[in-house]
Number of protein chains: 2
Amino acid sequence: MSQSPGERRSDRTRAGILAAARERFAADGYERATIRAIAADAAIDPAMVMRYFGNKEKLFAAAAEFDLRMPDFSALPREEVGAALTNHFLDRWEDDESLKALLRASVTNEVAAERMRQLFAGQLAPVIKNLADPAEAATRAGLVATQALGFALCRYVLALPPVAALTRPQAVAWLAPTITRYLTGTIDPAL
Amino acid sequence: MSQSPGERRSDRTRAGILAAARERFAADGYERATIRAIAADAAIDPAMVMRYFGNKEKLFAAAAEFDLRMPDFSALPREEVGAALTNHFLDRWEDDESLKALLRASVTNEVAAERMRQLFAGQLAPVIKNLADPAEAATRAGLVATQALGFALCRYVLALPPVAALTRPQAVAWLAPTITRYLTGTIDPAL
DNA sequence: TAGCCAGGTCAACACCTGTTGACCTACGGT
DNA sequence: ACCGTAGGTCAACAGGTGTTGACCTGGCTA
């Protein structure tokens, strides 16, 4: 039953399925990405996907596992945090298709939506706790999410021409001040 | 063949189908909203949907027809435009499910995505032409879209708790300065 | 009153989906 | 040489999908 951690032969196919799944989910969303198509991309039988992952939901859960890899910003000067966070988001978005898969799926799939919520509550909010009043961290994380996800949606998913055309420095120049304000702007207690 | 514009008997069912379609598309997205379910909601036979709208894509096109109803902001003092536009977006979002249907669908359906693009290019950008350098209007419209759609996504679709919990005045207080900057902020020509 | 036709029903089609279980195959340990 | 088993194939299932065409029906007009 057990085997020493040298690689099993199945590890490669398992990884292949996951890679294909990430691509398909990212490109097509949850319902249009079919197990048959994913299996075909991985040059494997659809039944293998079931053997390895149980069912489609679990496959998606495995494919959309995602770590924001938030750095520690607390050493940076306060006025640079916004730009650093903005750059980090854009980096993360561009070198890992999982986020696109997660975003596309979370709009119609409740499991994916819940994972999206936990991403911001569990990975972004804690970092913000080190930068601002911890009691306000969740709200500030939510506001950052609106701008980060909105930009990603417009640029990578909808491909709105003027947004897709922005260069990286332009994008950062526009977004960073917004993010900075969401991180550090004062909250009117009268509201 | 022709008939005076007094109401046909079919107008009511046609409207019923459209209302049901809007609800379903808004709640489930394009692929999960089935014609059978829409027909059931409208208490009608699925074949009627086909008779009236031809096919599912055309039904969606009819259900997701949407007018932003942009007011003329040019009379307002410049510093109030951001808040006014923010409020207008929230109003529009909350009293018409078509926008939610369009957003949910546009993430996986290319026709819907194209309609979303035209919404901002055709209805928002022209208004902005009256407020800023017309050459920059498209870019500014795109930036506004990132924040407006991102906020709507987080609040109405994903229901991120901290974003869903914001009161209307709080939401406006946070968003309006962002929108204002996207409308009027200077663009560094060096980028 | 007869007949036409907009408006509506019904059953079926061809296809695609996730999922299952029976079967094959090659290889490592004995 | 043998056989157990991890890894893989194949064909089929049950159910849901968009879509179609044949058929009914009730009210208006001639």
Side-chain angles (χ1 to χ4, degrees), chain A residues 1-22 24-25 27-64 101 104-105 108-112, chain B residues 1-22 24-25 27-64 101 104-105 108-112:
Chain A
M1 175 112 49
S2 71
Q3 178 160 346
S4 64
E7 45 177 81
R8 280 191 168 78
R9 207 151 68 75
S10 62
D11 288 351
R12 296 208 57 183
T13 36
R14 193 183 168 88
I17 294 172
L18 253 126
R22 264 190 276 268
R24 283 284 176 177
F25 281 130
D28 300 339
Y30 185 80
E31 16 272 336
R32 302 184 59 164
T34 79
I35 288 192
R36 281 171 163 87
I38 291 167
D41 286 0
I44 218 174
D45 191 275
M48 277 289 92
V49 179
M50 309 307 293
R51 210 204 245 318
Y52 280 66
F53 294 94
N55 59 29
K56 191 181 181 181
E57 273 207 5
K58 289 181 191 164
L59 170 64
F60 175 80
R104 272 219 154 92
T108 48
N109 184 279
E110 182 50 33
V111 175
Chain B
M1 179 137 9
S2 72
Q3 177 158 347
S4 64
E7 46 177 83
R8 279 192 169 77
R9 205 149 69 74
S10 62
D11 288 350
R12 296 208 57 181
T13 36
R14 192 182 170 92
I17 295 172
L18 250 115
R22 265 190 275 267
R24 284 284 176 177
F25 282 129
D28 301 338
Y30 185 81
E31 16 272 337
R32 301 184 60 165
T34 79
I35 287 193
R36 281 173 164 85
I38 291 167
D41 286 0
I44 218 172
D45 192 275
M48 276 290 91
V49 179
M50 309 307 294
R51 208 204 248 316
Y52 279 63
F53 295 94
N55 61 27
K56 192 181 181 181
E57 274 207 4
K58 288 181 192 165
L59 171 63
F60 174 80
R104 271 219 154 93
T108 48
N109 184 279
E110 182 50 33
V111 175

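These numbers come from a predicted model, not from an experiment. Chain identifiers are assigned alphabetically (A, B, ...) following the order of the sequence lines, protein sequences preceding nucleic acid strands; residue numbering begins at 1 within each chain.
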How many Å lie between [atom1] on [X] and [atom2] on [N], as a whole number?
X     : N      : atom1 : atom2 : result
A/M48 : C/dC24 : CE    : P     : 16 Å
B/I38 : D/dT19 : CD1   : C1'   : 14 Å
B/I17 : C/dG7  : CD1   : C1'   : 11 Å
B/Y52 : D/dT19 : OH    : C1'   : 18 Å
B/D11 : C/dG7  : CG    : P     : 8 Å
A/M50 : C/dG18 : CE    : C1'   : 6 Å
B/R24 : D/dG18 : CZ    : P     : 12 Å
A/I44 : D/dG8  : CD1   : C1'   : 8 Å

Least distance between heavy atoms, [X] atom then [Y] atom:
X      : Y     : result
A/A63  : A/A21 : CB-CB, 4.0 Å
A/E57  : A/Y30 : CG-OH, 3.2 Å
A/A101 : A/F60 : O-CE1, 4.2 Å

Phosphate-side-chain proximity, B/S10 and C/dG7, N/O vs OP1/OP2 below 4.0 Å: yes
Phosphate OP1/OP2 of D/dG8: any A/T13 side-chain N/O under 4.0 Å: yes
Euclidean distance, [Y] [atom2] relative to [X] [atom1], rounded to 0.5 Å:
X     : Y     : atom1 : atom2 : result
B/I35 : B/L59 : CD1   : CG    : 6.0 Å
B/R51 : B/I17 : CZ    : CD1   : 11.0 Å
B/L18 : B/I38 : CG    : CD1   : 9.5 Å
B/D11 : B/Y52 : CG    : OH    : 8.0 Å
A/R32 : B/R32 : CZ    : CZ    : 14.5 Å
B/R36 : B/D41 : CZ    : CG    : 14.5 Å

Just compare [options] and give me whichever is closest to any side-chain atom of [X].
X     : options                : answer
A/D45 : C/dT19, C/dC10, D/dC10 : D/dC10
A/T34 : C/dT9, C/dA12, C/dT17  : C/dT17
B/P46 : C/dT20, D/dG21, D/dT19 : D/dT19

Polar pair under 3.5 Å, donor/acceptor by atom type, side chain A/R51, base D/dG8: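 Checked by distance alone, the answer is yes.
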Sugar-phosphate, base or nothing in reach of A/F53, heavy atoms under 4.0 Å: nothing
Pair A/E31, A/T108: side-chain N/O donor-acceptor within cut-off below 3.5 Å: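 Side chains of A/E31 and A/T108: pair found under 3.5 Å.
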Strand DNA chain C in bracket notation, Watson-Crick/G-U under 3.5 Å with | for pairs to another chain: ||||||||||||||||||||||||||||||
Contact nearer the 5' end of DNA chain C, comparing A/A47 with A/R36: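 Result: A/R36.
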Selection: residues 55-63 of chain B, any non-hydrogen atom under 4.0 Å of DNA chain D: B/N55, B/K56
